[in-house]
Amino acid sequence: MALAMRVVDAAQALVGCTLEHDGAVGVIVETEAYHETEPACHAFVGSTGRSRVLFEAPGRLYVYRSYGIHALANVVVEPAGIGAAVLVRALEPLEGLEAMAARRGRTRPVDLCSGPGKLTQALGIELIHNDTSVRDGPVRLGPPPRGWERPRIVAGERIGITKAVELPWRFCAADSVHVSRPWPAAMRGAAVA
DNA sequence: CATGGGATTGACT
DNA sequence: GTCAATCCCATGC
(Lines give C-alpha, C1' and ligand atoms only; values in the text may rest on other atoms or scores of the structure.)
Protein backbone atom coordinates (compact mmCIF):
# COMPACT_ATOMS: atom_id res chain seq x y z
CA MET A 1 0.00 0.00 0.00
CA ALA A 2 1.54 3.26 -1.10
CA LEU A 3 2.33 5.44 1.86
CA ALA A 4 2.22 8.53 -0.30
CA MET A 5 -1.53 8.42 -0.64
CA ARG A 6 -3.11 11.83 -0.66
CA VAL A 7 -5.39 11.05 2.23
CA VAL A 8 -2.42 10.07 4.41
CA ASP A 9 -0.60 13.28 3.51
CA ALA A 10 -3.79 15.25 4.12
CA ALA A 11 -4.25 13.68 7.55
CA GLN A 12 -0.87 15.06 8.57
CA ALA A 13 -1.42 18.42 6.90
CA LEU A 14 -4.69 18.91 8.75
CA VAL A 15 -2.97 18.80 12.14
CA GLY A 16 -2.62 22.46 13.08
CA CYS A 17 -5.57 23.63 10.96
CA THR A 18 -8.70 24.99 12.60
CA LEU A 19 -12.23 23.62 12.69
CA GLU A 20 -15.03 26.05 13.41
CA HIS A 21 -18.77 25.92 13.94
CA ASP A 22 -21.39 27.97 15.72
CA GLY A 23 -19.12 30.21 17.75
CA ALA A 24 -16.55 27.59 18.65
CA VAL A 25 -13.08 27.12 17.17
CA GLY A 26 -10.43 24.50 17.82
CA VAL A 27 -7.02 23.60 16.41
CA ILE A 28 -6.82 20.05 15.11
CA VAL A 29 -4.31 18.01 17.12
CA GLU A 30 -5.23 14.46 16.09
CA THR A 31 -6.40 12.84 12.85
CA GLU A 32 -6.74 9.45 11.18
CA ALA A 33 -6.70 8.57 7.46
CA TYR A 34 -9.22 6.17 5.88
CA HIS A 35 -9.05 4.91 2.29
CA GLU A 36 -11.32 2.70 0.19
CA THR A 37 -8.57 0.13 -0.34
CA GLU A 38 -8.47 -0.91 3.33
CA PRO A 39 -11.36 -2.58 5.20
CA ALA A 40 -11.56 -0.17 8.13
CA CYS A 41 -12.84 2.51 5.74
CA HIS A 42 -16.58 2.88 5.26
CA ALA A 43 -15.89 3.20 1.52
CA PHE A 44 -14.33 -0.28 1.40
CA VAL A 45 -17.73 -1.81 0.51
CA GLY A 46 -18.27 0.69 -2.28
CA SER A 47 -20.71 3.56 -2.54
CA THR A 48 -23.75 2.95 -0.33
CA GLY A 49 -26.28 5.20 1.33
CA ARG A 50 -23.80 5.97 4.07
CA SER A 51 -20.51 6.01 2.18
CA ARG A 52 -21.68 7.95 -0.86
CA VAL A 53 -20.25 11.23 0.46
CA LEU A 54 -16.79 9.69 0.72
CA PHE A 55 -16.68 9.39 -3.06
CA GLU A 56 -17.52 13.03 -3.69
CA ALA A 57 -15.06 15.80 -4.51
CA PRO A 58 -12.59 16.70 -1.74
CA GLY A 59 -13.67 19.24 0.86
CA ARG A 60 -17.00 17.71 1.76
CA LEU A 61 -17.82 16.93 5.38
CA TYR A 62 -18.70 13.31 6.15
CA VAL A 63 -20.59 12.91 9.42
CA TYR A 64 -21.96 9.60 10.65
CA ARG A 65 -23.32 8.23 13.92
CA SER A 66 -21.09 6.00 15.95
CA TYR A 67 -22.40 3.54 18.55
CA GLY A 68 -25.81 5.12 18.19
CA ILE A 69 -24.68 8.05 20.27
CA HIS A 70 -21.85 10.13 18.83
CA ALA A 71 -21.49 12.00 15.56
CA LEU A 72 -18.01 11.66 14.05
CA ALA A 73 -16.66 14.24 11.59
CA ASN A 74 -14.43 13.54 8.59
CA VAL A 75 -13.02 15.67 5.80
CA VAL A 76 -13.35 14.01 2.38
CA VAL A 77 -10.05 13.77 0.48
CA GLU A 78 -8.91 12.35 -2.89
CA PRO A 79 -10.52 13.17 -6.26
CA ALA A 80 -14.20 12.43 -6.86
CA GLY A 81 -14.71 8.72 -7.42
CA ILE A 82 -12.14 7.64 -4.82
CA GLY A 83 -13.58 7.00 -1.37
CA ALA A 84 -11.35 8.44 1.34
CA ALA A 85 -11.49 10.83 4.27
CA VAL A 86 -9.64 12.13 7.30
CA LEU A 87 -11.31 11.59 10.67
CA VAL A 88 -10.85 14.53 13.03
CA ARG A 89 -10.15 12.93 16.41
CA ALA A 90 -9.23 15.82 18.71
CA LEU A 91 -8.98 19.59 18.92
CA GLU A 92 -7.25 22.06 21.17
CA PRO A 93 -10.03 24.50 22.12
CA LEU A 94 -9.20 28.00 20.88
CA GLU A 95 -12.35 30.16 20.93
CA GLY A 96 -15.84 29.80 22.31
CA LEU A 97 -14.84 27.65 25.26
CA GLU A 98 -17.97 28.70 27.08
CA ALA A 99 -20.22 27.48 24.28
CA MET A 100 -18.25 24.26 24.13
CA ALA A 101 -18.58 23.73 27.86
CA ALA A 102 -22.32 24.34 27.71
CA ARG A 103 -22.78 21.78 24.95
CA ARG A 104 -20.46 19.28 26.62
CA GLY A 105 -21.64 19.60 30.18
CA ARG A 106 -18.00 19.80 31.30
CA THR A 107 -15.83 22.78 32.01
CA ARG A 108 -12.21 21.67 31.99
CA PRO A 109 -10.70 22.64 28.60
CA VAL A 110 -9.01 19.26 28.31
CA ASP A 111 -12.41 17.54 28.50
CA LEU A 112 -14.03 19.58 25.73
CA CYS A 113 -12.57 18.25 22.47
CA SER A 114 -10.19 15.41 23.37
CA GLY A 115 -11.97 12.75 21.31
CA PRO A 116 -13.88 12.39 18.03
CA GLY A 117 -17.28 12.27 19.71
CA LYS A 118 -16.41 15.01 22.19
CA LEU A 119 -15.35 17.56 19.62
CA THR A 120 -18.47 17.20 17.49
CA GLN A 121 -20.58 17.69 20.60
CA ALA A 122 -18.50 20.70 21.67
CA LEU A 123 -18.86 22.32 18.23
CA GLY A 124 -22.48 21.31 17.76
CA ILE A 125 -21.76 19.18 14.69
CA GLU A 126 -24.54 16.70 13.92
CA LEU A 127 -25.73 14.43 11.15
CA ILE A 128 -27.48 17.31 9.41
CA HIS A 129 -24.01 18.62 8.54
CA ASN A 130 -23.20 15.50 6.55
CA ASP A 131 -22.45 16.34 2.91
CA THR A 132 -21.80 20.05 3.52
CA SER A 133 -18.74 22.02 2.39
CA VAL A 134 -15.90 22.64 4.84
CA ARG A 135 -15.04 25.72 2.82
CA ASP A 136 -18.47 27.32 2.62
CA GLY A 137 -19.72 26.13 5.98
CA PRO A 138 -21.57 26.05 8.26
CA VAL A 139 -18.76 23.81 9.55
CA ARG A 140 -15.54 25.43 8.37
CA LEU A 141 -11.98 24.26 8.03
CA GLY A 142 -9.36 27.01 8.28
CA PRO A 143 -5.59 27.47 8.09
CA PRO A 144 -3.47 27.34 11.24
CA PRO A 145 -4.01 30.42 13.45
CA ARG A 146 -1.62 33.35 12.98
CA GLY A 147 1.48 32.83 15.02
CA TRP A 148 0.69 29.17 15.52
CA GLU A 149 3.82 27.10 15.33
CA ARG A 150 3.40 23.97 13.27
CA PRO A 151 3.63 21.10 15.73
CA ARG A 152 5.90 18.10 15.47
CA ILE A 153 3.75 15.17 14.40
CA VAL A 154 3.91 11.59 15.61
CA ALA A 155 2.31 8.65 13.80
CA GLY A 156 0.77 5.48 15.22
CA GLU A 157 -1.91 2.87 14.72
CA ARG A 158 -5.54 3.94 14.46
CA ILE A 159 -7.77 3.60 17.50
CA GLY A 160 -10.93 1.63 18.12
CA ILE A 161 -11.03 -0.34 14.88
CA THR A 162 -10.90 -4.10 14.29
CA LYS A 163 -9.72 -4.22 10.67
CA ALA A 164 -6.45 -3.02 9.13
CA VAL A 165 -5.29 -2.22 12.64
CA GLU A 166 -1.65 -2.30 11.62
CA LEU A 167 -1.67 0.77 9.38
CA PRO A 168 0.13 3.71 11.05
CA TRP A 169 -2.44 6.24 9.89
CA ARG A 170 -3.10 8.09 13.13
CA PHE A 171 -1.35 11.43 13.46
CA CYS A 172 -1.02 13.59 16.56
CA ALA A 173 0.58 16.85 17.52
CA ALA A 174 3.47 15.67 19.67
CA ASP A 175 3.04 16.30 23.38
CA SER A 176 -0.41 17.84 23.01
CA VAL A 177 -2.50 17.34 26.14
CA HIS A 178 -5.68 17.46 24.04
CA VAL A 179 -5.29 14.19 22.12
CA SER A 180 -7.89 11.48 22.65
CA ARG A 181 -5.43 9.02 24.01
CA PRO A 182 -1.86 9.89 24.96
CA TRP A 183 0.99 7.92 23.53
CA PRO A 184 3.15 5.73 25.68
CA ALA A 185 6.10 7.88 26.65
CA ALA A 186 8.49 5.45 24.99
CA MET A 187 6.89 6.00 21.58
CA ARG A 188 6.79 9.75 21.65
CA GLY A 189 10.13 10.18 19.93
CA ALA A 190 8.89 8.88 16.60
CA ALA A 191 8.25 12.12 14.78
CA VAL A 192 7.33 11.85 11.11
CA ALA A 193 7.06 15.51 10.19
C1' DC B 1 -38.30 -6.96 7.08
C1' DA B 2 -35.03 -8.69 11.16
C1' DT B 3 -30.66 -8.68 12.77
C1' DG B 4 -25.93 -7.50 14.20
C1' DG B 5 -22.22 -4.52 14.60
C1' DG B 6 -19.70 -0.49 15.52
C1' DA B 7 -13.80 5.09 13.60
C1' DT B 8 -17.05 6.17 21.64
C1' DT B 9 -17.84 7.88 26.00
C1' DG B 10 -18.76 8.10 30.86
C1' DA B 11 -19.93 5.73 34.94
C1' DC B 12 -18.81 2.27 37.87
C1' DT B 13 -16.07 -2.04 40.42
C1' DG C 1 -9.85 -2.52 34.75
C1' DT C 2 -15.30 -3.58 32.99
C1' DC C 3 -19.62 -2.38 30.80
C1' DA C 4 -24.00 -0.35 29.00
C1' DA C 5 -26.19 3.22 26.24
C1' DT C 6 -28.41 3.74 21.62
C1' DC C 7 -29.31 4.29 16.47
C1' DC C 8 -28.01 4.09 11.81
C1' DC C 9 -27.03 1.27 8.25
C1' DA C 10 -25.31 -2.89 5.69
C1' DT C 11 -26.41 -7.38 5.12
C1' DG C 12 -29.14 -11.50 4.65
C1' DC C 13 -33.38 -14.00 4.63
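In the text below, chain A, chain B and the rest are named by the order of the sequence lines, each starting its count at 1.
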Legend entry - Distance in angstrom units between A:Ile159 CD1 and B:dG6 P, rounded: 17 Å
Inset, instruction - With the side chain of A:Ile69 defined as its heavy atoms from C-beta on, choose the nearest nucleotide among B:dA7, C:dT6, B:dT9. - result: C:dT6
Legend entry - Minimum heavy-atom distance A:Glu32-A:Ile159, with the two atoms named: OE2-N, 2.9 Å
Inset, instruction - With heavy atoms under 4.0 Å as the rule, sort A:Arg52 into base, sugar-phosphate or nothing. - result: nothing
Inset, instruction - Using whole Å, report how far OH of A:Tyr67 lies from P of C:dA4. - result: 14 Å
Inset, instruction - Report the nucleotide, chosen from B:dG6, B:dT8, C:dA10, that has the shortest atom-to-atom distance to any side-chain atom of A:Thr48. - result: C:dA10
Inset, instruction - To the nearest Å, give me how far apart CD (A:Glu157) and P (B:dA7) are. - result: 16 Å
Inset, instruction - May I ask you to say whether A:Arg170 pairs ionically with A:Glu30, meaning some side-chain N is under 4.0 Å from a carboxylate O? - result: yes
Inset, instruction - May I ask you to evaluate whether A:Arg65 reaches the phosphate of B:dT8, defined as a side-chain N or O under 4.0 Å from OP1 or OP2? - result: no
Inset, instruction - Count the heavy atoms belonging to other residues, nucleotides or ligands that lie under 6.0 Å from CD of A:Glu166, then report whether that count exceeds 12. - result: yes
Legend entry - Salt-bridge contact A:Arg6-A:Glu78 (side-chain N to carboxylate O under 4.0 Å): yes
Inset, instruction - Take atom CD of A:Glu32 and atom P of B:dA7, then tell me their distance rounded to the nearest Å. - result: 10 Å
Legend entry - Nearest-nucleotide pick for A:Arg106, side chain only, options being B:dA11, C:dA5, B:dT8: B:dA11
Legend entry - Check: A:Arg104/A:Gln121 side-chain N/O donor and acceptor closer than 3.5 Å: yes
Legend entry - First of A:Leu119 and A:Lys163 reached from the 5' end of DNA chain B, by closest nucleotide: A:Lys163
Legend entry - Flag side-chain contact, heavy atom, 4.5 Å: A:Val29 against A:Pro151: no
Inset, instruction - Could you check how far CG of A:Asn130 sits from C1' of C:dC7, rounded to whole Å? - result: 15 Å
Legend entry - Of A:His70 and A:Leu127, the one whose closest DNA chain C nucleotide lies more 5': A:His70
Legend entry - Contact check, side chains of A:Asp131 and A:Arg52, non-hydrogen atoms, under 4.5 Å: yes
Inset, instruction - Ignoring backbone atoms, establish whether A:Arg50 has a side-chain N or O less than 4.0 Å from OP1 or OP2 of B:dA7. - result: no
Inset, instruction - Select from A:Gly160 and A:Gln121 the residue whose nearest nucleotide in DNA chain B is closer to the 5' end of that strand. - result: A:Gly160
Inset, instruction - Return the stems involving DNA chain B, sorted by first number, where pairs are Watson-Crick (N1-N3 with N6-O4 or O6-N4) or G-U wobble (N1-O2 and O6-N3), both under 3.5 Å, and runs are 3 or more long. - result: B:1-6 with C:7-12, B:8-12 with C:1-5
Inset, instruction - May I have the distance from A:Arg181 (atom CZ) to B:dT9 (atom P), rounded to whole angstrom? - result: 11 Å
Inset, instruction - Calculate the interatomic distance between A:His35 atom NE2 and B:dA7 atom P; express it in whole Å. - result: 18 Å
Legend entry - A:Tyr34 aromatic ring stacked with six-membered ring of B:dA7, 5.5 Å and 30°: yes
Legend entry - Spacing of A:Leu112 atom CG relative to B:dG10 atom P, expressed in whole Å: 11 Å
Inset, instruction - Decide yes or no for A:Met5 and A:Val77: does some side-chain heavy atom of the first lie under 4.5 Å from some side-chain heavy atom of the second? - result: no
Inset, instruction - Scan A:Arg158 against the nucleic acid and name what it touches under 4.0 Å (heavy atoms): base, sugar-phosphate only, or nothing. - result: nothing
